[in-house]
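Here the structure is laid out as structure tokens; the discussion comes afterwards.
All values below were derived from every heavy atom in this structure, side-chain atoms included, with hydrogens, water molecules and symmetry-related copies excluded. Convention: sequence-line order gives letters A, B, ...; per-chain numbering from 1.
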Protein chains: 2
Amino acid sequence: MQLVFKRNSLVFYNYLIKMKKKCLSDSHCPIARAYDAIGDWWSLLILSTILLAGARRFGEIQQTLGMARNILSSRLSKLVKNGILIKVPASDGTNYFEYAATEMGEDLLPALVALRQWGERYFFDSNQCRSALVSREKGELIRPVTVCSKAGRELRVSDLKVIERDS
Amino acid sequence: MQLVFKRNSLVFYNYLIKMKKKCLSDSHCPIARAYDAIGDWWSLLILSTILLAGARRFGEIQQTLGMARNILSSRLSKLVKNGILIKVPASDGTNYFEYAATEMGEDLLPALVALRQWGERYFFDSNQCRSALVSREKGELIRPVTVCSKAGRELRVSDLKVIERDS
DNA sequence: TCGCTATAGTTTCATTTTGAAACTAGTTTA
DNA sequence: TAAACTAGTTTCAAAATGAAACTATAGCGA
């Protein structure tokens, strides 16, 4: 059954509102759903600061990113609410708290590293001063993150397609 | 030499402005620089729509994402200006244009796929209806994107560290 | 060729979000 | 105990967003 509404009617308006909301959070596209949880770019930068730069305390994160304290506050709350971060007692023994990534948060590592490598490739001269991500064990640079088939062959955009599945 | 400014002085204010700008775009952190180019989440969703969903025309992208036309317009301009997209004559022979990813844009594929896989893992029930990314050749699901050492060992957050290099 | 529709935007304006600064409340340190 | 530090919240102005109306060009059918 197809719904038909007179434009400008309240019913039509509310229908559009509803559809717009569905559009992202109820989308079948996983990237669109991820959008709702990460919310915005600050969230990804915050997570990166915690996971890669090792900042854990409110003030540390705020100074590292140079962002407004109220925005940081609201983003941290959202990230905790969504299960990406968790607020734990400070590791220095004081009565303060710090923020740590949950397993769900740590699982964003490949996305963060892929983004980082893309930034390295396009926004730095080859010999320009930059921070580098290295393995803790050997201190060596890591391999570029790639998309691979089950068999291990590297896949490019033209090798991929999206299908709609009705499970 | 350490700079000391009286708070509220204009010099102090301008200094902060300058430092804030430097903080992201001139940062040594590649994720922060990538931030300036992608700009915001819409940009990433637009790129994903073009790369993975195969939408190329303005109206197609707008309908797929359900976003405001003026915002889409400004994002597309920015993406073109930053070399991530390119505006080319429409492939259907009409006098319209369409948007295609440049090599720089296509190189964001690993980041997009990693994000997508994260969304799949945490926002869908195992048997819930969803779109799926498959290899065009065999139609099979692709391997999870991971971070690996030079030797090919999978690395977790605790295996990594960021160092500041003075090249 | 005329008129209608489609496409790809731009403009306008109300609403929402952001961010800087001031403020607050609890914690630590001297 | 007082001063300084930490982690916020509140307030308010500025900027970004988004919906709707508007514009200009392209395509299409008669």
_side chain to side chain contact (heavy atoms under 4.5 Å, CB included) assessment of B/Gln117 paired with B/Ile142_ = CA-CA 10 Å; B/Gln117 291 175 340; B/Ile142 61 180; 3.8 Å; yes
Just N and O in the side chain of [X]: are any of them under 4.0 Å from OP1 or OP2 of [N]?
X	N	value
A/Trp42	C/dT17	no
B/Lys78	D/dA16	no
B/Arg57	C/dA8	yes
B/Ser73	C/dG9	no

Rounded interatomic separation in angstrom, taking [atom1] from [X] and [atom2] from [N]:
X	N	atom1	atom2	value
B/Trp41	C/dT17	CH2	P	18 Å
B/Leu76	C/dT7	CG	C1'	14 Å
A/Phe58	C/dT28	CZ	P	17 Å
B/Glu98	C/dA8	CD	P	9 Å
A/Leu65	C/dG19	CG	P	11 Å
A/Met67	D/dA7	CE	C1'	14 Å
B/Phe97	C/dA6	CZ	C1'	17 Å
A/Ile71	D/dG8	CD1	C1'	13 Å

Quick note, B/Asn70 side chain, CB onward, closest among C/dT12, C/dG9, C/dT18 is C/dT12
Checking C/dT12, C/dG9, C/dT18 against the side chain of B/Tyr99 (C-beta onward), the nearest is C/dG9
Under a 4.5 Å side-chain heavy-atom rule over Ile, Leu, Val, Met, Phe, Trp and Tyr, are A/Val134 and A/Phe124 clustered together?
no
Per nearest nucleotide of DNA chain C, the residue lying toward the 5' end, B/Ser77 or A/Ala68, is B/Ser77
Can you tell if the side chain of B/Val80 reaches within under 4.5 Å of the side chain of B/Tyr99, non-hydrogen atoms only? yes
Should A/Ile31 and B/Leu112 count as side-chain neighbours, where that means a heavy-atom distance under 4.5 Å?
-> yes
Under 3.5 Å donor-acceptor, [X] side chain and [Y] backbone:
X	Y	result
A/Gln62	A/Met67	yes
A/Glu60	A/Arg56	yes
B/Ser149	B/Arg153	yes

- Message: If you count every heavy atom of other residues, nucleotides or ligands that lies below 6.0 Å from A/Ile86 atom CD1, does the total exceed 12?
- Response: no
- Task: Taking atom CZ of B/Arg156 as the centre, report whether more than 12 heavy atoms of other residues, nucleotides or ligands fall under 6.0 Å from it.
- Result: no
Show your reasoning for whether side-chain hydrogen bond (donor to acceptor under 3.5 Å, both in side chains) applies to B/Ser43 and B/Asp40.
-> CA-CA 6 Å; B/Ser43 301; B/Asp40 65 336; 2.8 Å; yes
Protein heavy-atom contacts under 4.0 Å, written 5' to 3' over nucleotides 22-28 of chain D as B (base), S (sugar-phosphate only) or - (none), form the string ----BS-
Encoded 5' to 3' (Watson-Crick or G-U under 3.5 Å; [ ] crossing; | other strand), DNA chain C becomes ||||||||||||||||||||||||||||||
